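Within every chain, numbering begins at 1; the chains are lettered A, B, ... in the order of the sequence lines, protein sequences first and strands thereafter. Being a predicted model, the structure only gives us computed values, none of them experimental.
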2 protein chains.
Amino acid sequence: MKPIENQTYRALSTYTKLMRAAGSVTSRVHRVLSTPKLTISQFGVLEALFHKGPLCQKDIAEKILKSTGNITLVIDNLEKQSLVRRERDSEDRRYLTVHLTEAGTELIARVFADVESAIVAEMNILSENEQEQLGILCKKLGMKGGGS
Amino acid sequence: MKPIENQTYRALSTYTKLMRAAGSVTSRVHRVLSTPKLTISQFGVLEALFHKGPLCQKDIAEKILKSTGNITLVIDNLEKQSLVRRERDSEDRRYLTVHLTEAGTELIARVFADVESAIVAEMNILSENEQEQLGILCKKLGMKGGGS
DNA sequence: ACAATATAGTTTTATATTAAATCATTCGAT
DNA sequence: ATCGAATGATTTAATATAAAACTATATTGT
């Protein structure tokens, strides 16, 4: 195999493995969300609010890498289930601050613990050193910017 | 930090980096698809047909890790653009075999070359050895089964 | 041969997603 | 003070997505 083909082959092969690993781990971790009937975005919103406190929709969108138009809908659906509530900012009335309700807090605390365990279980397929190594390599790839 | 917390912290941190790397690389590579106005699924279907030849919808669904109900719609949309055509199997009339049209073949050949270059460029952020290393680690994680 | 079962594909329902257009509010410059 | 730009949120339109119900066809066990 000529050098150039070799390089291409290696890059494609590595790319494929990276994508499969991410997809495979994600899908297994997210199975935890099927019981409480949360979508991935809904989980993302609840988790952001849980760890950062009340946020406006713009900030939530940035945090979970989705468009603001999307967030409107996700929050709508969470609000229907009384897991969050919107509050109009009295200082700047363009902002809607989203708060977890009590039910929402209770739910995400429980679910997040489960997701956390699932992630730890998944990553422990690799040894401590291997995880460090993977982290370093992924960080290089992830750094150039441009999330989902 | 106590060992157990340490283990949890490392796993979560590695997981996050893996996800960010995959998302970041994906989003940059997929920018190539915006010019020919192909969605990721549409690209996946065309690419599968291009490299494997005509396939039935079930096989396509497995290849690109989507549900068959989904594939029906994706194929519908590709068919509207005359990029693929469906053909009823005369042996077993339950099967629809999906073929690339000439326009579809021409399009995917061109786009795939661009995507390939983009992937190579992305992965070359890492050295040859780092790519090999990343591939090995990702393979372990991806192997336990259960794609998207 | 025929009923039960399995399989391929479609449809339906509900949510997600982006991009673009729009609305409302605020801020800034004159 | 007011007009225009900027900003946060919503709406709309098109596509995606999964899950479940359904249709059509094929296979299998008796």
Not counting sequence neighbours, which residues clear side chain to side chain donor-acceptor pair (under 3.5 Å) with [X]? List them please.
{"X": "A/K63", "answer": "none"}
{"X": "B/T97", "answer": "none"}
{"X": "A/R93", "answer": "none"}
{"X": "A/E87", "answer": "A/R85"}

To the nearest Å, give me how far apart [atom1] ([X]) and [atom2] ([N]) are.
{"X": "A/I71", "N": "D/dT10", "atom1": "CD1", "atom2": "P", "answer": "11 Å"}
{"X": "B/E62", "N": "C/dG9", "atom1": "CD", "atom2": "P", "answer": "10 Å"}
{"X": "A/H30", "N": "D/dA18", "atom1": "NE2", "atom2": "P", "answer": "14 Å"}
{"X": "B/Y95", "N": "C/dA8", "atom1": "OH", "atom2": "C1'", "answer": "7 Å"}
{"X": "B/E87", "N": "C/dG9", "atom1": "CD", "atom2": "P", "answer": "13 Å"}
{"X": "A/K37", "N": "D/dA20", "atom1": "NZ", "atom2": "C1'", "answer": "10 Å"}

Checklist entry - Pairs in or reaching into residues 54-93 of chain A: which pass ring pair (Phe, Tyr, Trp, His ring centres under 6.0 Å), with residues at least two apart or in two chains? => result none
Item to check | ring pair (Phe, Tyr, Trp, His ring centres under 6.0 Å) contacts in which one or both residues fall within residues 78-104 of chain B, not counting sequence neighbours | outcome: none
Checklist entry - Which residues satisfy the ring pair (Phe, Tyr, Trp, His ring centres under 6.0 Å) test with B/F112, sequence neighbours excluded? => result B/H51
Item to check | salt bridge (charged side-chain N to carboxylate O under 4.0 Å, His left out) pairs, two or more places apart, involving residues 41-61 of chain A | outcome: A/K58-A/E62
Checklist entry - If you look only at pairs with a residue in residues 101-115 of chain B, which of them pass as a salt bridge (charged side-chain N to carboxylate O under 4.0 Å, His left out), with sequence neighbours excluded? => result B/E106-B/R110
Checklist entry - Any luck finding a side-chain donor-acceptor pair between B/R28 and B/S24 under 3.5 Å? => result yes
Next on the checklist: So if I apply the side-chain contact (heavy atoms from CB on, under 4.5 Å) rule between B/T72 and each of B/D76, B/I75, B/T68, which one comes out positive?
Outcome noted: B/D76
Identify the pairs formed between an N or O of the protein and an N or O of nucleotides 24-28 of chain D at a distance under 3.5 Å, and give each distance.
| from | atom 1 | to | atom 2 | distance (Å) |
| --- | --- | --- | --- | --- |
| D/dA26 | OP1 | B/R93 | N | 2.8 |
| D/dA26 | O4' | B/R94 | NE | 3.4 |

Mind listing the N/O atom pairs, protein and nucleotides 14-17 of chain C, below 3.5 Å?
| from | atom 1 | to | atom 2 | distance (Å) |
| --- | --- | --- | --- | --- |
| C/dA16 | OP1 | A/T39 | OG1 | 2.6 |
| C/dA16 | OP1 | A/Q42 | NE2 | 3.3 |
| C/dA16 | OP2 | A/N77 | ND2 | 2.7 |
| C/dT17 | OP1 | A/S41 | OG | 3.2 |
| C/dT17 | OP1 | A/K66 | NZ | 3.3 |
| C/dT17 | OP2 | A/S41 | OG | 2.0 |
| C/dT17 | OP2 | A/N70 | ND2 | 3.4 |
| C/dT17 | O5' | A/N70 | ND2 | 3.1 |

Item to check | Contact residues, residues 47-60 of chain A to DNA chain D [heavy atom, < 4.0 Å] | outcome: A/C56, A/Q57, A/K58
